[in-house]
Each structure stands twice: as C-alpha cells, then as structure tokens.
Engineer: 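Just passing along the structure, written as structure tokens.
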Amino acid sequence: MMRSARGFLLSAGVAMMLAGTSHVHAGGTVEVLHWWTSGGEARAVGELKQSFEDQGGTWIDSPIAGGGGDAAMTALRARVVAGNPPTAVQLKGPGIQEWAVEGAVADVEDVAAAEGWDDVLPPALAEIMKFDGKYVAAPVNIHRVDWIWANPELLAQVDADVPTSWDEFNTTAEKLMEAGITPLAHGGQPWQDATVFEVVALGLGGADFFRAALVELDMDALNSDTMIQVFDQMRKMRSYVDPGFSGRDWNLATSMVMNGEAAFQIMGDWAKGEFLAGGKVPGEDFLCAPAPGNAFILNSDSFVMFNVRGDDRIEGQQVLASLIMSPEFQETFNLAKGSIPARVDVSLDAFDICAQRSHDDLTAAIAADTLVPSMAHEMAVSRSVRGEFLDVVTEHFNSDMSSQEAVDRLVAAIQRAM
C-alpha cells in the first residue's frame with residue numbers, strides 16, 4: 001500500500017534529539033482526541049496532559065464522551081475525511097491496523113528503538129502497537145476486563161462472599177433480591193451489555209471457547225450449546241438489574257456499588273479508578289475479585305499518532321510517545337487510572353491489592369495461554385464484527401428473545417460481517 005513518507009520520517013531536529021537522550025525532552029504541540037471524561041479517567045488523562053506541559057509542550061484537549069469510544073471514532077472519521085486529523089488519538093486493537101492500512105498513521109519507530117520498547121512490553125501487546133513491524137502507537141496501560149466489584153456491607157447482609165462461579169453468583173443474587181437489594185449495577189448501553197456477555201462467556205466456556213467464538217469467529221463455537229448457555233445466563237443477569245438501568249453510564253453504575261445501591265458491578269478495572277477518585281480503599285470499602293473463568297481478558301489503551309503537518313506537531317508526537325512509555329509516567333498514570341503499567345519492568349510496590357492481583361493473574365495467564373483479547377473493548381475483532389455482537393447481545397438483553405434465536409441471529413450476523 002502507499003503511505004505518506006512524512007508518516008515514517010522524523011524531522012532532522014527530532015532525530016538528533018533522540019540520538020542524544022534515552023527520553024525525549026522538548027516541546028511540541030499535540031491535539032489529543034480521547035473519550036476519558038469520567039472522574040478516574042479525567043484524572044488519569046490530566047496526569048498525561050500535565051506531564052506533557054511540564055516538558056514545555058502545548059496540549060490541546062479534544063475529549064468526546066459517550067459510547068465507550070464509539071462517538072470519538074465517529075468524530076475521528078469525520079476529521080480524517082476532512083483532512084484535519086488530530087495529532088494523537090486514543091485507539092486500540094484492530095482499529096490501529098485498520099487506520100494504518102488506510103495510510104492515516106505516522107510511526108514512532110525511532111523513539112521505540114532508542115528506548116527499547118521491544119524489551120519492556122509483553123510481545124502480544126507490542127505486536128498490536130505495530131504496523132509493518134514499526135511502532136505506530138504507544139500503550140499506556142493494561143486493563144483487565146473480567147472483574148467483579150462488590151460492596152462488602154451489602155454482601156454481609158446476606159452472609160455472602162464474592163462468587164467464584166456463575167451458579168454461586170445466581171444464588172447470591174437471589175438472596176440479595178429477597179433482601180430488597182439490587183444485585184447488579186449495570187448501564188444499559190451496548191458496550192456494557194457486551195462486557196457482561198464476554199465475561200459470562202469466559203466463565204462458562206473457558207479461554208479456549210472464548211478465543212474460538214469471540215476472537216477466531218469459529219462457527220461451531222458460535223453455534224454451540226455453550227453459547228446457548230451464555231445467553232441463558234445473560235437472561236438471568238437481566239433480571240438482576242434495577243428498572244432504571246437503560247442508558248446509564250458505566251461510572252454511574254460504579255457509583256451505585258460505591259454508595260450501597262447495588263451489590264455488584266461487572267466491569268474492567270477502570271471502575272477502580274472511580275472508587276479511588278471517591279476516596280475508597282480496596283479491600284475495605286469495596287472488594288475486587290476476578291470473575292469466574294480462571295483466565296484474563298485483556299484491554300489496553302494506547303495513543304496512535306496520525307499523519308499531521310508541521311514540525312511542531314511532528315515533534316510533539318515524538319515527545320508524547322516517549323513520555324507515555326517512560327517508567328515514571330506509566331506508574332503515575334496507572335495509579336490514577338486503576339490499570340497496571342504496560343511495561344513489565346515497572347515496580348508495583350506503590351499499587352493496591354487489586355492491581356497486584358491483576359499483575360499476578362496476567363503473568364499466570366500468559367504462562368497458561370489463557371490470556372484473551374477483549375471483543376467488547378475492540379482488542380479482538382474489527383469494529384464491524386464487534387458491532388454485530390453488540391446488536392444481537394443488546395437486543396436479546398432488552399427483549400424476550402430466546403437463547404436459541406439469539407444464537408441463530410448471531411451466527412447469521414457474523415457470517416454477513418466477515
């Protein structure tokens with residue numbers, strides 16, 4: 001494919017600067033498009049903005065809330081078509097490759113080579129950040145999706161612990177409802193429905209089933225009895241949420257657990273950032289536990305550099321990429337975000353028990369080959385295929401559709417999208 005030469009060259013001044021230091025320390029200008037607008041997220045991106053400005057740079061903030069990034073991607077498409085892309089964009093998974101194929105991204109390979117990114121990133125994550133063997137994105141974190149967040153006081157009222165199987169989850173949920181407590185805090189948005197769906201799929205089918213059905217799109221797995229069981233469990237999950245769930249943002253669902261309005265939330269560890277922003281202490285004010293499945297669903301945020309004009313913006317991209325991957329920033333950012341560093345060489349001594357558990361389980365999952373990329377959070381499949389999953393899962397969740405019909409529709413939809 002044809003790509004802009006500008007996208008793969010540093011200016012002479014930036015190249016000379018990289019040759020003289022392991023981290024870029026200069027100014028530059030970046031316009032950053034992202035969807036981090038809630039409390040914990042806003043705090044985390046504020047750390048990145050402050051760090052960039054402390055190095056003499058100019059940061060132009062372009063936040064677009066809503067839809068787990070869907071609204072931001074719509075805005076990005078319009079900007080690129082108009083020939084006015086942002087300098088850097090929060091992007092991840094196959095979306096990085098899709099934009100690169102279109103010739104829209106610029107590489108930061110000189111920064112990555114000078115700083116040895118290959119030596120400090122998990123290989124699977126490093127490959128996601130590359131196109132044609134060159135880094136076009138800088139990862140800021142590793143998120144785990146398959147978490148259960150719980151209010152310990154509400155669980156104590158029904159003499160229950162955080163469940164370790166879906167049967168146990170159902171039993172505890174029934175006890176909570178009998179006590180007049182909402183079992184599950186949930187926001188009725190398609191990406192949130194899909195988050196619960198993939199966590200349930202992992203717990204009922206295991207990593208091999210998850211990989212076959214939600215990553216490789218194997219028709220036998222999609223059309224299996226196990227998938228029917230997943231939709232059966234989703235029907236039960238629908239009965240555990242409160243009547244006002246429709247359209248609720250995820251952070252408001254987190255607040256329900258925080259404020260004692262619901263016992264559980266199934267959400268990635270960005271939810272922990274909300275608890276921490278609210279002054280809550282893990283293990284005391286809230287509980288964190290892996291959802292059933294004995295595996296690890298990976299989500300990772302990154303910033304992709306887009307083709308822009310002007311030495312000041314090109315320089316800003318190099319500064320931003322170096323800053324994101326610095327050990328100091330990786331620690332500061334992830335302490336605020338609720339995730340763990342993308343770099344494997346950053347000490348977790350300053351991190352809480354949830355983050356340390358996440359790191360330990362990530363290491364174990366890599367060794368056991370049970371690390372799987374998130375479908376719901378755009379790490380596994382194209383946006384078009386993901387959209388088909390979201391449509392079917394959400395329609396089933398909000399109707400009386402049978403599990404068999406949901407499976408039939410899902411199979412047909414994925415076949416059309418492939």
Side-chain angles (χ1 to χ4, degrees), residues 32 34-54 59 61-69 71-72 90 139-154 162 182 184-187 189 191-192 195 245 247-289 299-303 324 328-342 346 348-359 377:
V32 181
H34 63 89
W35 59 88
W36 285 332
T37 56
S38 70
E41 293 176 322
R43 178 184 169 198
V45 78
E47 295 284 357
L48 181 56
K49 177 179 182 290
Q50 186 62 53
S51 296
F52 186 80
E53 292 176 340
D54 286 346
W59 176 289
D61 206 38
S62 294
I64 299 177
Q90 182 187 352
V140 296
N141 59 8
I142 289 175
H143 275 301
R144 183 179 197 167
V145 176
D146 50 316
W147 280 110
I148 294 178
W149 308 95
N151 184 301
E153 293 184 0
L154 295 183
V162 181
T182 298
L184 182 63
H186 182 64
Q189 297 172 335
W191 73 268
Q192 294 190 61
T195 297
F245 79 98
R248 179 186 292 137
D249 288 335
W250 70 269
N251 54 307
L252 298 181
T254 304
S255 294
M256 291 176 64
V257 178
M258 195 183 312
N259 298 329
E261 300 170 23
F264 299 122
Q265 183 185 22
I266 296 170
M267 186 56 61
D269 47 22
W270 48 93
K272 187 183 67 178
E274 297 298 299
F275 286 107
L276 298 180
K280 303 301 182 181
V281 178
E284 298 178 14
D285 301 315
F286 67 95
L287 304 177
C288 57
N299 183 21
S300 178
D301 295 300
S302 59
F303 283 97
I324 287 171
E328 298 81 8
F329 173 76
Q330 290 265 325
E331 177 177 312
T332 300
F333 178 88
N334 285 290
L335 284 171
K337 186 68 163 61
S339 43
I340 59 176
V346 176
L348 294 182
D349 290 346
F351 287 75
D352 58 56
I353 56 174
C354 302
Q356 292 175 4
R357 174 65 187 269
S358 183
H359 179 270
H377 297 275

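Scope of the values below: all heavy atoms of this structure, side chains included, with no hydrogens, waters or symmetry mates.
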Engineer: Provide the closest heavy-atom pair for Val162 versus Leu287 in the form atom of the first, atom of the second, distance.
Structural biologist: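 Residues Val162 and Leu287, closest heavy atoms: CG2-CD1, 3.9 Å.
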Engineer: If I take atom CD1 from residue Ile266 and atom OG1 from residue Thr195, how far apart are they, to the nearest 0.5 angstrom?
Structural biologist: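 Taking CD1 in Ile266 and OG1 in Thr195, the distance rounds to 10.0 Å.
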Engineer: Do the rings of Trp270 and Trp191 sit parallel, tilted or perpendicular, given the 30° and 60° boundaries?
Structural biologist: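 Rings of Trp270 and Trp191: tilted, 30 to 60°.
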Engineer: Within a strict 4.5 Å, meaning less than it, do heavy atoms of the His377 and His143 side chains meet?
Structural biologist: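 When only atoms from C-beta onward are counted, His143 and His377 do not touch, as no gap falls below 4.5 Å.
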Engineer: Say you draw a straight line from CZ of Phe245 to CG of Leu184; how long is it, rounded to the nearest 0.5 Å?
Structural biologist: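 Rounded to the nearest 0.5 Å, the CZ-CG separation comes to 10.5 Å.
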Engineer: Do Thr254 and Phe286 touch side chain to side chain, with heavy atoms closer than 4.5 Å?
Structural biologist: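 Result no, sub-4.5 Å side-chain heavy-atom pair not found.
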Engineer: Using modelled atom types and a 3.5 Å cut-off, is there a donor and acceptor pairing between side-chain atoms of Ser51 and backbone atoms of Glu47?
Structural biologist: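 Yes; judged by distance alone, with no hydrogens or angles, the pair exists.
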Engineer: On a heavy-atom basis, which atom in Trp250 and which in Ala271 lie closest, and how many Å separate them?
Structural biologist: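 Closest approach of Trp250 to Ala271, heavy atoms only: CZ3-CA, 3.7 Å.
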Engineer: Should Glu41 and His34 count as side-chain neighbours, where that means a heavy-atom distance under 4.5 Å?
Structural biologist: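 With C-beta onward as the side chain, the pair stays apart.
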Engineer: Can a donor-acceptor pair be found, under 3.5 Å and without considering hydrogens, that links the side chain of Asp269 to the backbone of Ser339?
Structural biologist: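 No, Asp269 side chain to Ser339 backbone: no donor-acceptor pair under 3.5 Å.
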Engineer: How close do Gln330 and Ala342 get, heavy atom to heavy atom, and via which atoms?
Structural biologist: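 Minimum heavy-atom contact is OE1-N, 2.8 Å.
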Engineer: To check you understand the geometry: which heavy-atom pair defines the closest contact between Ser300 and Pro139, and what is its length?
Structural biologist: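 Distance-wise, the nearest heavy atoms are OG-CB, 4.1 Å.
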Engineer: If only atom types and distance count, is the side chain of Glu331 paired as donor or acceptor with the main-chain N or O of Pro341 below 3.5 Å?
Structural biologist: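 A pair under 3.5 Å: no.
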Engineer: Could you give me the CA-CA distance, side-chain angles and deciding distance for Trp36 and Phe333, then say whether ring pair (Phe, Tyr, Trp, His ring centres under 6.0 Å) is met?
Structural biologist: CA-CA 13 Å; Trp36 285 332; Phe333 178 88; 5.5 Å; yes
Engineer: For atom CD of Glu153, decide whether the heavy atoms of other residues, nucleotides or ligands shown that lie under 6.0 angstrom number more than 12.
Structural biologist: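 No, not enclosed.
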Engineer: Ignoring hydrogens, what is the shortest heavy-atom contact between Ala253 and Ala185? Give both atom names and the distance.
Structural biologist: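 Shortest heavy-atom contact: O-CB, 3.3 Å.
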Engineer: Just by modelled atom types, is the His186 backbone N or O under 3.5 Å from a matching donor or acceptor in the Gln192 side chain?
Structural biologist: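 No: the side chain of Gln192 does not pair with the backbone of His186.
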Engineer: Does Gln265 reach the main-chain N or O of Ile148 with its side chain, forming a donor-acceptor pair under 3.5 Å?
Structural biologist: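 Absent.
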Engineer: Does any part of the side chain of Leu335, heavy atoms only, come nearer than 4.5 Å to the side chain of Phe351, both counted from C-beta?
Structural biologist: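 Side chain of Phe351 against side chain of Leu335, heavy atoms only: contact under 4.5 Å found.
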Engineer: To the nearest 0.5 Å, tell me how far Arg144 CZ sits from Cys288 SG.
Structural biologist: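 Answer for the CZ-SG pair, Arg144 versus Cys288, is 10.0 Å.
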Engineer: For the CG atom of Asn151 and the CZ atom of Phe275, what is their distance to the nearest 0.5 Å?
Structural biologist: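 If I round to the nearest 0.5 Å, the distance is 8.0 Å.
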Engineer: How long is the span from the CG atom in Asp146 to the CE atom in Met267, to the nearest 0.5 Å?
Structural biologist: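 So the CG of Asp146 and the CE of Met267 are separated by 12.5 Å.
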Engineer: Return the minimal non-hydrogen interatomic distance between Asn141 and Asp301, and the atom names on each side.
Structural biologist: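 Heavy atoms only, the tightest pair is OD1-N, 2.8 Å.
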Engineer: For a 4.5 angstrom cut-off between non-hydrogen side-chain atoms, does Thr182 reach Glu261?
Structural biologist: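 SC-SC contact between Thr182 and Glu261 ruled out.
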Engineer: Please check: side-chain N/O of Gln90 versus main-chain N/O of Val32, any donor-acceptor pairing under 3.5 Å?
Structural biologist: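 Such a contact is absent between Gln90 side chain and Val32 backbone.
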Engineer: Just by modelled atom types, is the Cys354 backbone N or O under 3.5 Å from a matching donor or acceptor in the Asp352 side chain?
Structural biologist: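 Flag set: sc Asp352 to bb Cys354 pair under 3.5 Å.
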Engineer: To the nearest 0.5 Å, how far apart are CE in Met258 and CG in Leu252?
Structural biologist: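 Between atom CE of Met258 and atom CG of Leu252 there are 10.0 Å.
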